[in-house]
Peer 1: 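Structure below; questions to follow.
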Amino acid sequence: MDNISVLVVGNGMVGHKFIDNILASEAADNVQLITFSEEPRLAYDRVQLSAYFSGKTEQDLALTDEAYYRQHKVDFLLDTKVISIDPTAHTVLTDKGNTVAYDKLVLATGSYPFVPPIPGNDQPHCLVYRTIADLEAITESSCHSQCGVVIGGGLLGLEAANALKNLGLETHVVEFAPRLMAVQLDEGGANLLRHQIEALGVQVHTQKATTEIVSGEQSRYRLNFADGTHLETDMVVFSAGIRPQDELARQAQLEVGERGGIVINDFCQTSDPDIYAVGECALWQGRIFGLVAPGYTMAAVAAAHLSGGELAFKGADMSTKLKLLGLDVASIGDAHGQTEGAQSYTFHDEITQVYKRLVVNQAGDRVLGAVLVGDVSAYGQLLQMMLNDMPLPDHPSALILPQVEGEGAAGMGVEALPASAQICSCYDVSKGDVAAAVANGAIDMAMIKSCTKASTGCGGCSALVKQVMDSELAALGHEVDNSLCEHFAYTRPELVDIVRIKQIRSFDELLASHGKGLGCDVCKPAVASILASFWNDYILEDAHIGLQDTNDIYLGNMQKDGTYSVVPRIAGGEVTPDKLILLGEVAKEFDLYTKITGGQRIDLFGAQLHQLPLIWRKLVDAGFETGHAYGKSVRTVKSCVGDAWCRYGVKDSLGFAIDIENRYKGLRSPHKLKFAVSGCTRECAEAQSKDVGIIATEHGWNLYVGGNGGMRPRHAELFATGLDDQTLIRYIDRFLMFYIRSAERLQRTSVWIENLEGGLEYLKSVVIHDKLGLADELEAEMAGNIAKYQCEWKTTLENPEKLKRFKHFVNAEQEDSYLAYEVKRSQRMPAKSSQIIDVLTVE
Amino acid sequence: MNLAIDKVQDLWVSVCSPQDITPGTGVCALVGGRQVALFCCRQTQAFYAIDNFDPIGGASVLSRGIMGSIAGEPVVASPLYKHYFNLNTGRCIQTPEHQLNTYPVRISGTEVQIGINS
């Protein structure tokens, strides 16, 4: 193929996918790509748009960045709209007045929100929900509004309602049809959904046709309905469906559908063979596909066709599974049972609010569709059975009936799926792709996610991906060696159970009964941590001292030259002037380099072994305790000043931060743990980047879990809302102990949750709903740990035998002669290594 | 060079009493101007002595590492970057080009002694 110029109009999810497909193809070097975006930014994840309101940033949502495009020589014009096409001249014209020539043109213009032609729909605070700019407008409007109405009770409308609710508005949903999500749900499912949404405080009005938007009496506007009733509101968000953005095609006289949409063939070509259309703007066999997965398929088809490949678009399954206002909802295939002869099984549990309907064919041996509300665990299985035309098991009702403890799961195992079965629809990952990843060495969910991208979109397939991974691992005869090290043929969670259940109190005892060899720097600290989590004995007792990393053994953080840093606890970051002065005096006396840490405390560097007890004597006398900065343990609870000082604070974040830091201080865990408490949703304490993040709202505390900074930063995920102090503490107790029990060594909470089968939802079921019946046990273990808390430095200072270890030489009073320092910015710093070598040669 | 002569220890230096080393840990001794890391194995009660300076991390810290065994050989893991040094041979397991001096250790009466060539 010769060097050709390909223009991509629209840089949304599908336009970007097309570019990615071309870049990944063999044709990449022969194609000059140019893309136009009407928005001021490159492609972002529109599916996750509502996450913007729960803390995700523009960057989190971004699917690519300018550097990536530059590196791959993709030209891009942002804020630029293509306003016409000249198919004869093979050129397009932009609103900036530029004419750009093409060999092939790809229209990925997407869709626009349909705003019903209601008089008054163009006033301020009458908005739509599609782009980041729209979200910004909604946020801005919410600052001047008390109440908001979403017009449209479909999938997007309910997402918009969730956004308004999160913004603190009194929220209403107005729907023309007699039920919510009329396309995806049957009456039973929609009723349950409505009931649940209303329980959350969102008011639902069905069978309401809005006739006009006029000035209100109590609020900014009044919606008048055809039945004579009305509703007052300050803001209106239209979410009454989408329309294909086909304006350009109409202007260029390409064939378009009667009700819109650019007509394409199986190769995504429009009526002009040099012009392709992909995504929501395209009309294939009279159908528009308003989901991202079919759009991605079209992008792949068009990219392949353009470079001489043979893919064809054959339609797409429109099944969906999603979470709406916290409620799981899924719809598969023929959810309404419209196929001739269709029959159905229905399960409705009013107690736990679950509705499931399984639609089968006339012969009763194939799945046609399903509706699942409240419990969507059967989604993956039912979808695969339908897509792969698999026969139903003997008692199909078992597929939707709740499982009784002790009985095996009904239905098919993942082994029965063909390799071509699509497991992740967001990234089009097949069972074969997951199997290949396993064959190439992936052994856990984190690895599967990073090499296949499966389960990194909506996450709906995670349980299924895990099952496939496990079955592939087993099938490969690949015995996964999860041994901690050569001395223990057990995983960390297994060792936890052994220590807990057999009440093992020392490493020697564990090594003798369950290990071999002498131990090592992997198993010793891991076991020391487990022993400390459950028995919480003094870590420098003779039986434990040899297990500790150097940081724990000397109760300080070893720096590059072998000296230590000293970090006293400053709970919540609150410190009196007197204590601050004392820290300064100690630092001055011992010439310690002094720095403020990220955890709102003070780090004093450069203490030699023999100085540590002298320094700590002064600190302990002044009322300081050890800060456990050296341990894999609870470190700090960062806070803002909350309602004590701040004009915006709604709760006492400072007092609460200090309380929980004192509650969990020093708790040893598989990895370090960081907390934060913010006094309002402005989130100054950055709680959403912590393992445990707490944010005050007017309705109580919101709890976030699983965030971290570091090499792979993660945002914490919302775990529970509107909690009182006691409930919050109970949840944190359970969460932490469950983590300590079941995480692998050096696994942060984020990765632990990612690898839990069932992920965050499973964690909620254990911590909040006590699915495993462990809650009391976990709380009791935490209470036992807390009761045995001691300041390790205080204990050490009272113990002359232990203090003997705090000197460089066992047989001399000299200091380490290799230490060398220079002064930088008025403080002592380790000398550069070249200077140290000079010192060594002089010796 | 004559190996037999090489092995002759003409100086044994007393550094501490056995009780000064908690089994399973190490201490650092100053022996003839050199920093020597001295260890006592918790399981076997054997003593080992190697250079205290970690040539990879570039600091005098090996006595503060965790003891253990790798494939049956007694080792210490440097607290800086976790390199293992074989306590019998002084060789680094990950990067064998790093070779530390080893020293014989004996108990004489109530004293732990380290042998050095003068």
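Not measured: the values here are computed from a predicted model. Below, chain A is the first sequence line, B the second, and so on; all start at residue 1.
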Peer 1: Relative to each other, are the rings of A:Phe488 and A:Phe507 parallel, tilted or perpendicular (30° and 60° limits)?
Peer 2: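 A:Phe488 and A:Phe507: perpendicular rings.
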Peer 1: Identify which of B:Gly68, B:Ala59, B:Gly24, B:Cys28 forms the greatest number of heavy-atom pairs closer than 4.5 Å to chain A.
Peer 2: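 Highest number of heavy-atom pairs under 4.5 Å: B:Cys28.
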Peer 1: As an exercise: rank A:Lys516, A:Lys560, A:Glu801 by heavy-atom pairs under 4.5 Å with chain B and give me the winner.
Peer 2: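 It is A:Lys560.
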Peer 1: For each of A:Cys520, A:Ala812, A:Cys523, A:Gly517, tally heavy-atom pairs with chain B at distances under 4.5 Å, and name the one with the top tally.
Peer 2: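 Highest number of pairs under 4.5 Å: A:Cys520.
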Peer 1: Which answer fits B:Val15, side chain, backbone, both or neither, if we ask what part of it has an atom under 4.5 Å from a heavy atom of chain A?
Peer 2: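 Both backbone and side chain.
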Peer 1: Can you tell which part of A:Asp508 gets under 4.5 Å to a heavy atom of chain B, answering side chain, backbone, both or neither?
Peer 2: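 Side chain only.
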Peer 1: Which region of A:Gln559, side chain (C-beta onward) or backbone (N, CA, C, O), has a non-hydrogen atom less than 4.5 Å from a non-hydrogen atom of chain B, or is it both or neither?
Peer 2: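 Just its backbone gets close to chain B.
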Peer 1: Inspect the contact between A:Lys788 and A:Asp537 and indicate whether a charged nitrogen and a carboxylate oxygen are less than 4.0 angstrom apart.
Peer 2: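 A salt bridge is present here (some side-chain N lies under 4.0 Å from a carboxylate O).
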Peer 1: Salt bridge or not between A:Asp549 and B:Lys82? Use side-chain N to carboxylate O under 4.0 Å.
Peer 2: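 Yes.
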Peer 1: Between A:Trp616 and A:Tyr554, does the ring centroid distance fall short of 6.0 Å?
Peer 2: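 No, the ring centres sit 6.0 Å or more apart.
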Peer 1: Can B:Tyr103 and B:Val13 be said to form a side chain to side chain contact (heavy atoms under 4.5 Å, CB included), step by step?
Peer 2: CA-CA 11 Å; B:Tyr103 306 87; B:Val13 180; over 6 Å; no
Peer 1: Quick one: are A:Leu555 and A:Tyr564 in side-chain contact, heavy atoms under 4.5 Å?
Peer 2: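 A side-chain contact is absent here, since even the closest heavy-atom pair is not under 4.5 Å.
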Peer 1: Side chain, backbone, both or neither: which part of B:Arg64 has a heavy atom under 4.5 Å from chain A?
Peer 2: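 Answer is both: backbone and side chain atoms of B:Arg64 are under 4.5 Å from chain A.
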Peer 1: Anything under 30° is parallel, anything over 60° is perpendicular, the rest tilted; go ahead and classify B:Tyr81 against B:His83.
Peer 2: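 The arrangement is perpendicular - the two ring planes meet at more than 60°.
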Peer 1: Side chain, backbone, both or neither: which part of A:Leu547 has a heavy atom under 4.5 Å from chain B?
Peer 2: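 For A:Leu547, backbone heavy atoms alone lie under 4.5 Å from chain B.
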Peer 1: So what's closer than 4.5 Å to chain A heavy atoms on B:Asn52: side chain, backbone, both or neither?
Peer 2: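 When you check distances to chain A, only side chain atoms of B:Asn52 fall under 4.5 Å.
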Peer 1: Find the one option among B:Val75, B:Val61, B:Leu38, B:Asp54 whose heavy-atom pairs under 4.5 Å with chain A are most numerous.
Peer 2: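 If we count pairs closer than 4.5 Å to chain A, B:Val61 comes out on top.
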Peer 1: Non-hydrogen atoms of chain B under 4.5 Å away: do they reach the side chain of A:Ala543, the backbone, both or neither?
Peer 2: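 Both backbone and side chain of A:Ala543 come within 4.5 Å of chain B.
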Peer 1: Would you mind checking which part of B:Ile21 comes under 4.5 Å of any heavy atom in chain A, side chain (CB onward), backbone (N, CA, C, O), both or neither?
Peer 2: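 No part of it gets close to chain A.
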Peer 1: Within the 4.5 Å heavy-atom criterion, are A:His808 and B:Ser60 side-chain neighbours or not?
Peer 2: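 Contact flag for A:His808/B:Ser60 side chains = yes.
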